[in-house]
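The structure appears below as structure tokens.
Below, all heavy atoms of this structure are taken into account, side chains as well, without hydrogens, waters or symmetry copies. Please read these numbers as outputs of a predicted model, since none were measured by experiment. Just so we're on the same page: letters track the sequence lines, and every chain starts at 1.
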2 protein chains.
Amino acid sequence: MITYEYEHFKNDIQHLSTLCEPFKADTIIAVARGGMTLAHALAMALNIRNLQSIRAESYDGKSQRNTVAISGQCDLKGSKKILIVDDIVDSGETMASLVPILIAQYPSATFKIVTLFSKPSARIQPDVFLHEARDWIDFFWERDFLKTDLL
Amino acid sequence: MITYEYEHFKNDIQHLSTLCEPFKADTIIAVARGGMTLAHALAMALNIRNLQSIRAESYDGKSQRNTVAISGQCDLKGSKKILIVDDIVDSGETMASLVPILIAQYPSATFKIVTLFSKPSARIQPDVFLHEARDWIDFFWERDFLKTDLL
């Protein structure tokens, strides 16, 4: 298990935002819940005011692949270059469900997938990511806010 | 100026989530951008999967009050108890613009405003908050992700 602390995240945002800069995005979509803190950080680093979110929830599917339900609606009128931000691309099912919906709704916009981690086995790889996920990642937002009496 | 570090935030989430627990919220709305990291943290602490966001942007008004533009749309069908989460209630204009819109759209839902800080002079006070804002707050998400070569 990789323990991913806030200090690591802070340094990573410097690198990740530098990699995202050339795209000159005008909008960020956070994939909730996992991508919310990262999307906020990138919005601040890149000075992007248009920060929105969409929900993706995974359910154990009966077939080999998990099912992902996308809910919510982004308003991308006036957006041309959009970063879709999540903490990790794991199986790739979330992005495989989400990206075609956004492209169909906004065919003239350009989308880039940005994550901190990606699994080499994922169906879809992010356009920009920092680390290969070869182990379970224990993100600080999944651990630091749990009630201490439960730990 | 109050420098609000991640370690302070981490402790605050323990207290803030304890104060929010009795409400038994099923949904969290983050006010973007400022409320995104806090809303994510509360969603994890309170184990609330329905995490959404809405945009609020302040513009300098010609009159005494600033103008706040609300954009985006939440999907609160099926939500009964909703936390509206922002980092700070400052003038109160954001909440004064946002809350009536949500109540009009979802009259049967119950809303609670939750922030870390609130100014005593604000038009609207949060239902739950931790600190009075008597000085400018320098939140870590407004500082830690800026390019170091700019600092």
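Going from atom CG of A:Leu146 over to atom CG of B:Leu46 covers 11.0 Å, rounded to the nearest 0.5 Å. Separation of atoms CE (B:Met44) and CZ (A:Phe139) is listed at 10.5 Å; rounding is to 0.5 Å. Rounded to the nearest 0.5 Å, atoms CZ (A:Phe140) and NZ (B:Lys10) are 10.5 Å apart.
Put simply, of A:Ala43, A:Ala41, A:Ala30, A:Cys74, the one with the most heavy-atom pairs under 4.5 Å next to chain B is A:Ala41. Among A:Leu51, A:Ile54, A:Asp75, the residue with the largest count of heavy-atom pairs under 4.5 Å with chain B is A:Leu51. Your options are B:Glu7, B:Glu57, B:Glu142, B:Arg55, and the one with the most heavy-atom pairs under 4.5 Å with chain A is B:Arg55.
Listed by first and then second residue, the side chain to side chain donor-acceptor pair (under 3.5 Å) pairs that reach into residues 28-38 of chain A are A:Thr37-B:His40, sequence neighbours excluded.
Residue B:Ser71: no heavy atom, backbone or side chain, is found under 4.5 Å from chain A. Of the two parts of B:Ile28, neither the backbone nor the side chain holds a non-hydrogen atom closer than 4.5 Å to a non-hydrogen atom of chain A. When heavy atoms are compared at a cutoff of 4.5 Å, B:Asn50 approaches chain A by way of both its backbone and its side chain.
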N/O donor-acceptor pairs under 3.5 Å from side chains in residues 109-118 of chain B, not counting sequence neighbours:
| residue | atom | partner | partner atom | Å |
| --- | --- | --- | --- | --- |
| B:Thr115 | OG1 | B:Phe117 | O | 2.8 |
| B:Ser118 | OG | B:Gln125 | OE1 | 2.7 |

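In the hydrophobic cluster analysis, where Ile, Leu, Val, Met, Phe, Trp and Tyr join through side-chain heavy atoms closer than 4.5 angstrom, A:Phe129 is grouped apart from A:Val99. Taking hydrophobic clusters as Ile, Leu, Val, Met, Phe, Trp and Tyr residues chained together by side-chain heavy-atom distances below 4.5 Å, A:Val68 does not share a cluster with A:Ile88. A:Val31 and A:Val89 end up in the same hydrophobic cluster when Ile, Leu, Val, Met, Phe, Trp and Tyr side chains are linked at under 4.5 Å. A chain of hydrophobic side-chain contacts below 4.5 Å, direct or via other Ile, Leu, Val, Met, Phe, Trp or Tyr residues, connects B:Tyr4 to B:Val85. Transitive grouping of hydrophobic side chains (ILVMFWY, heavy atoms separated by less than 4.5 Å) brings A:Trp141 and B:Tyr6 into a common cluster.
Taking every heavy atom of both residues into account, B:Gln52 and A:Met36 meet most closely at O-CE, 4.2 Å.
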Begin with the C-alpha distance, continue with both residues' side-chain angles, and end with the deciding distance and a verdict on ring pair (Phe, Tyr, Trp, His ring centres under 6.0 Å) for B:Phe9 and A:Phe145.
CA-CA 9 Å; B:Phe9 176 74; A:Phe145 311 124; 5.6 Å; yes
